[in-house]
Protein chains: 2
Amino acid sequence: MNADRRVPNYQRIADALMARIDSGEFPSGSRLPTEPQLKAEYDVSSTTVRNAVKALAAAGIVETRHGAGTFVIERKLLTINATTTEDLDRRRGIVAQDSWSTDVKEAGREPDQRFECLNVAASDEQAKLLGVEPGAWLVMRRCWRTVDGIPASIEASVFPRWLVDALPELGSPHDIAQGTTSFVAERGYPMEVHLDYVSGRPFTREEESFFRAPAGVQALIRGRVSYDKPDGRVLRIMETVYRNDMHKILYVVAGRGNATSR
Amino acid sequence: MNADRRVPNYQRIADALMARIDSGEFPSGSRLPTEPQLKAEYDVSSTTVRNAVKALAAAGIVETRHGAGTFVIERKLLTINATTTEDLDRRRGIVAQDSWSTDVKEAGREPDQRFECLNVAASDEQAKLLGVEPGAWLVMRRCWRTVDGIPASIEASVFPRWLVDALPELGSPHDIAQGTTSFVAERGYPMEVHLDYVSGRPFTREEESFFRAPAGVQALIRGRVSYDKPDGRVLRIMETVYRNDMHKILYVVAGRGNATSR
DNA sequence: AGGTATTTGTCCGTATGTATA
DNA sequence: CTATACATACGGACAAATACC
C-alpha cells in the first residue's frame, strides 16, 4: 500500500480503479461501480469519489454518462491521410467523392456530412494571407462531419474573392461532391503546395455543443494553406477541427537525411 | 444545433468571467478575483465558484496556482518544422546541432535537454515494424526537453539491433549533438522517407509528473517511422510527446491537386 | 530567514435536480 | 411511472502552497 501522504486520497482511489481496469476487472465499455458503491467500498465522502472519477475522466480512461453510469473508454483511431490527394483516389477508381469520405469508408466506417456555405468577415490572419483588408467579405464552405453517427470533425475553407469570381460554384450553397481540391484543380487552379500546421487545444463552447464529447477529449487542429505554386498565390485557407480521441493524421515525408550526398 | 435552455449556474458564471476576460478587464497573465471574492460577488456557494473556475481551466482560459491565485493564460506556440531536415540547416550554416534546437533558437527561445540511453523491450507495434519478436531488446535514445525552463516535450527513438551493431555510437549514453538523423545518414544509412502520424491525448500520469502543466493542457503526439527507402527497412521509430499549448507542427505538403494532368 | 496572512486544494455531509434504464 | 445514477448546489473545516512583510 502506498501511504504517501503527499498523494491526495482521490488520486489514490483513481489509481486503484485504473489498476483494476488494467487488470481486466473492468474491460473496455464496461461499467464501473456506482459512486455510492465506491463511496462505501473505499469509505470516503462523495466529494472524494467524484474527484477520483473526474480524474479518470480527465485522463481519458472513463466516461461518465448522466443517469447511466461510468464506463471504460476504448479509443478507435481513424487515420486521416494528409498527403494523398484526389489523383491518387482516381487511380484506385474512386471519382466522385472527397478524400475524407474515402478515408472513412476505407476504415469500414460510415461517413456523413452536413454542408453550409456562408459569407464571413476575414480574420486578421486570413486577411494577411490573402492580401485583403481585415473584415473583408470572404466565402466560407464548411462541413460538419460525423462518423458512425458520432460528431467527428468540422472542416472550414475560405477562398480568395478573385477565385470565387472565377469559379462561382464556390459560392453555391451546395456541396461539391468530388471535393474542392480536385474541383478547383480541374478548372485550371491546381494547388501545387500546401502548408499544414497541426496543434491541439480544448474545444470552444461552440465546438463543445457540436461534439458533445466526454471530458478528456480535446480538439486536434489541422490548418492548411494551399498555394498555386511555392510562394505563389493563396488558393484556399482551410482549418479542420477533429475529435482528438478519434483521429490521427498521417503524413508521408520525403527524407533528405544524407547531408553529405547533396 | 440543439438548444439546451437549462445552463448550470457555474457555467453561467464561467461565461460571465470569460466575457470579462474578452472585454479586457482581465488581460493575459493577470489575476482573477479570489474565490471568496467571486463567491460574494455572484452570491453563490464555494462549490459553484470552484466549478466555474474549473470549467475555465479545463477550457484552457485560466490557470490556477495553489496558494497564489487564478491567472489568465496566454498561449505562445512554437513551430516545429517536421519537413525540413539537417541538410537544409547546413545550407544555413548550422552544423553541430539537432533540428529541434534550431527551431527553438530561431523562435528566440532557450532550448535545453537531458538525454538518456536505455535498453527496452520491444512493444508489439515496434516488434512488428522492425521484424523482431515482441519483448526483444532494443536501444532507446530519449530526450527530455525544456523551452525557457518549461518542460516542453519528450522525444524517444528506438533503433533496430542491426543498425546499433553497425553504429555502436547509437548505444552510447552520450547525446549525439548533430542529431541522429544526420549522424546515421553520414554513416551510410540515409532516411529517405518518413511516415508521420499526429494525434492528441491526455497526459499519462508519468508524463504529467514531468510536464506539470495546468489543467486543460494535453499531449500532442508525433510518431515517425523512418525508412531507408519507400517500403524499405525501418531505420528508426520515434515518438515525441509535446505540450499541446506550446507547439504546432508544420508540414510542407507537395500538392498533386490537378487530377486531369496525370 | 522566519512568521503570518492569503489563496487554492482536499475532504466532509447533505439536499435537490435531471437524464437514463 | 419508478428507481437508479450522475450533476449541481449549499456550507463548512482543515491542509498545503505561496506571497509578503
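None of these values were measured; they are calculated from a predicted model. Throughout, protein chains are lettered first and strands after them, A, B, ... in sequence-line order, and every chain is numbered starting at 1.
Side-chain N or O atoms of A:Gln126 include one that pairs as donor or acceptor with a backbone N or O of A:Ser123 at under 3.5 Å. Listed for the A:Asn244 side chain is a donor-acceptor partner under 3.5 Å among the backbone atoms of A:Gln218. Without hydrogens or angle criteria, A:Arg75 side chain to A:Gly60 main chain gives no donor-acceptor distance under 3.5 Å. A distance-only check finds a donor-acceptor pair linking the side chain of B:Glu207 to the backbone of B:Thr204 [under 3.5 Å].
A:Tyr10 has its OH atom 18 Å from the P atom of D:dA15, to the nearest Å. As rounded to whole Å, 13 Å separates atom C1' of C:dA19 from atom CZ of A:Arg212. Between the CZ atom of A:Arg6 and the C1' atom of D:dA15 there is a distance of 15 Å, rounded to whole Å. Counting to the nearest Å, the C1' atom of D:dC6 and the NZ atom of A:Lys54 are 10 Å from each other. What separates CG of A:Asn51 from C1' of C:dT8 is a distance of 14 Å, to the nearest Å. Taking atom CZ of residue A:Arg65 and atom C1' of nucleotide C:dA21, one finds them 12 Å apart after rounding to whole Å. Atom CD in A:Glu63 sits about 17 Å away from atom P in D:dA5, given to the nearest Å. The interatomic distance linking B:Asn9 (CG) with D:dA7 (C1') rounds to 13 Å, in whole Å.
Pairing each heavy atom of A:Phe115 with each of A:Cys143, the nearest pair is CD1-SG, 4.0 Å. The minimum heavy-atom distance between B:Phe210 and B:Ser153, with the atom names listed, is CE2-O, 3.9 Å.
Of the residues in residues 13-29 of chain B, none has a non-hydrogen atom less than 4.0 angstrom from any atom of DNA chain C. The stretch residues 30-49 of chain B touches DNA chain D through B:Val44, B:Ser45, B:Ser46, B:Thr47, B:Thr48, each having a heavy atom under 4.0 angstrom from the strand.
Note on A:Arg50: every side-chain N or O is 4.0 Å or more away from OP1 and OP2 of D:dC6. When the side-chain nitrogen and oxygen atoms of A:Thr64 are compared with OP1 and OP2 of D:dA5, none of them lie within a distance under 4.0 Å.
Distances from the side chain of A:His66 to the nucleotides D:dA17, C:dT10, C:dG17 place C:dG17 closest.
Looking at B:Glu155 and B:Thr240, their side chains do bring a donor and an acceptor atom within 3.5 Å of each other. There is no side-chain donor-acceptor pair under 3.5 Å between A:Tyr42 and A:Gln37. A:Asp196 and A:Tyr251 form a side-chain donor-acceptor contact under 3.5 Å, judged by distance and modelled atom types alone.
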